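I have placed the structure first, in the form of structure tokens, so that the comments after it can refer back to it.
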Amino acid sequence: MDVLAFFQWLDTSTLADISKAYGGVFAVVQMFHLLAMALLGGMVILGDLRMLGVLMKDVPSEVVIDNTRKWFNAALVVLIASGIFMSSAVALKLYYNEMFWAKMASLAIGVVFVYGIRGPLLKSDHRSLNPWAVRLTAIASMTIWFTVAASGRWIGFS
Amino acid sequence: MMSRAMKQKLAIGASVGIIAAAIWFWTLQIGSVIETLRLASG
């Protein structure tokens, strides 16, 4: 698939017409993007710090992970949808931006890690798991989502 | 269906890889900022 062709199409799509012409719409979508980022970050920090035994020690970690998972999923859907809309306004600029690709790569790794590794691992009884597997998973999870958010912010400076 | 032992090995391997890649990535980024600041200050 020609990636540049996709970004050229996105740059001239109806979505791009709306995001470029209506600053108010863009600002509202951006607000939802930031709210979803706060929600996703909050769920990641809550779940991972519980796995590390830093907070909410009186609540079983299985309960914390179960409760944060659905909000994480919702936040990720809002982030991706609002992100596509926002990127349509500057699609070609983003295509040539290295940090944008660093963000997309870390986002892809984060999604695979959460749904392919962290999720299946934490379906087991947490006390039966190797403590180092749990700790390393929590640290890697916070690291990858920090990288997604920080490299996204860095796009504006590069 | 993966066994629990396999899931744990995979989690440890992937986590170490992610942490190492993030350290490498951010070291490069911070290094590039320091270099830019050094050049800017003459």
Side-chain angles (χ1 to χ4, degrees), chain A residues 44 47-48 51-52 61-62 65 97-158, chain B:
Chain A
V44 167
D48 291 335
M51 281 161 65
L52 288 171
S61 55
E62 289 88 348
I65 294 299
N97 188 304
E98 283 179 10
M99 282 311 274
F100 172 74
W101 291 110
K103 177 178 169 138
M104 289 302 107
S106 47
L107 175 64
I109 293 168
V111 168
V112 170
F113 184 74
V114 164
Y115 295 107
I117 293 171
R118 186 179 181 266
L121 177 77
L122 297 180
K123 275 182 186 161
S124 314
D125 176 10
H126 296 185
R127 279 165 301 183
S128 69
L129 295 170
N130 176 344
W132 277 105
V134 174
R135 283 180 204 136
L136 283 169
T137 301
I139 293 168
S141 168
M142 285 191 286
T143 304
I144 195 70
W145 292 109
F146 166 79
T147 301
V148 174
S151 55
R153 185 70 281 268
W154 207 299
I155 292 171
F157 301 126
S158 57
Chain B
M1 188 71 180
M2 255 191 298
S3 69
R4 186 187 298 175
M6 192 64 205
K7 283 180 192 170
Q8 291 184 103
K9 278 183 191 166
L10 194 62
I12 291 172
S15 299
V16 170
I18 284 173
I19 294 163
I23 291 170
W24 167 77
F25 175 74
W26 287 115
T27 303
L28 282 184
Q29 294 309 314
I30 292 164
S32 121
V33 170
I34 291 169
E35 182 65 9
T36 305
L37 291 174
R38 197 181 64 79
L39 290 172
S41 67

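In this text, all values refer to a predicted model and were calculated from it rather than measured experimentally. The chains referred to below are lettered A, B, ... by the order of the sequence lines, with proteins before strands, and numbering in each begins at 1.
- There is no contact between Ala138(A) and chain B, counting heavy-atom distances below 4.5 Å.
- Contacts between residues 107-122 of chain A and chain B, counted as heavy-atom pairs separated by less than 4.5 Å, involve Ile109(A), Phe113(A), Ile117(A), Pro120(A), Leu121(A).
- In this structure, the ring pair (Phe, Tyr, Trp, His ring centres under 6.0 Å) partners of Trp26(B), at least two apart in sequence or on a different chain, are Phe146(A), Trp154(A).
- Across Leu10(B), Ile19(B), Ile23(B), the residue that shares the most heavy-atom pairs under 4.5 angstrom with chain A is Ile19(B).
- In terms of heavy-atom proximity, Ala140(A) sits nearest to Ile18(B) at O-CG2, 3.8 Å.
- Contact of Thr137(A) with chain B is made through backbone and side chain together, with heavy-atom distances under 4.5 Å.
- Qualifying side-chain contact (heavy atoms from CB on, under 4.5 Å) partners for Arg4(B), counting only residues two or more places apart in sequence or in other chains: Ser124(A), Ser128(A), Leu129(A), Gln8(B).
- Going from atom NZ of Lys123(A) over to atom NZ of Lys7(B) covers 7.0 Å, rounded to the nearest 0.5 Å.
- Taking Ser41(B) as the reference, nothing meets the side-chain contact (heavy atoms from CB on, under 4.5 Å) condition, with sequence neighbours excluded.
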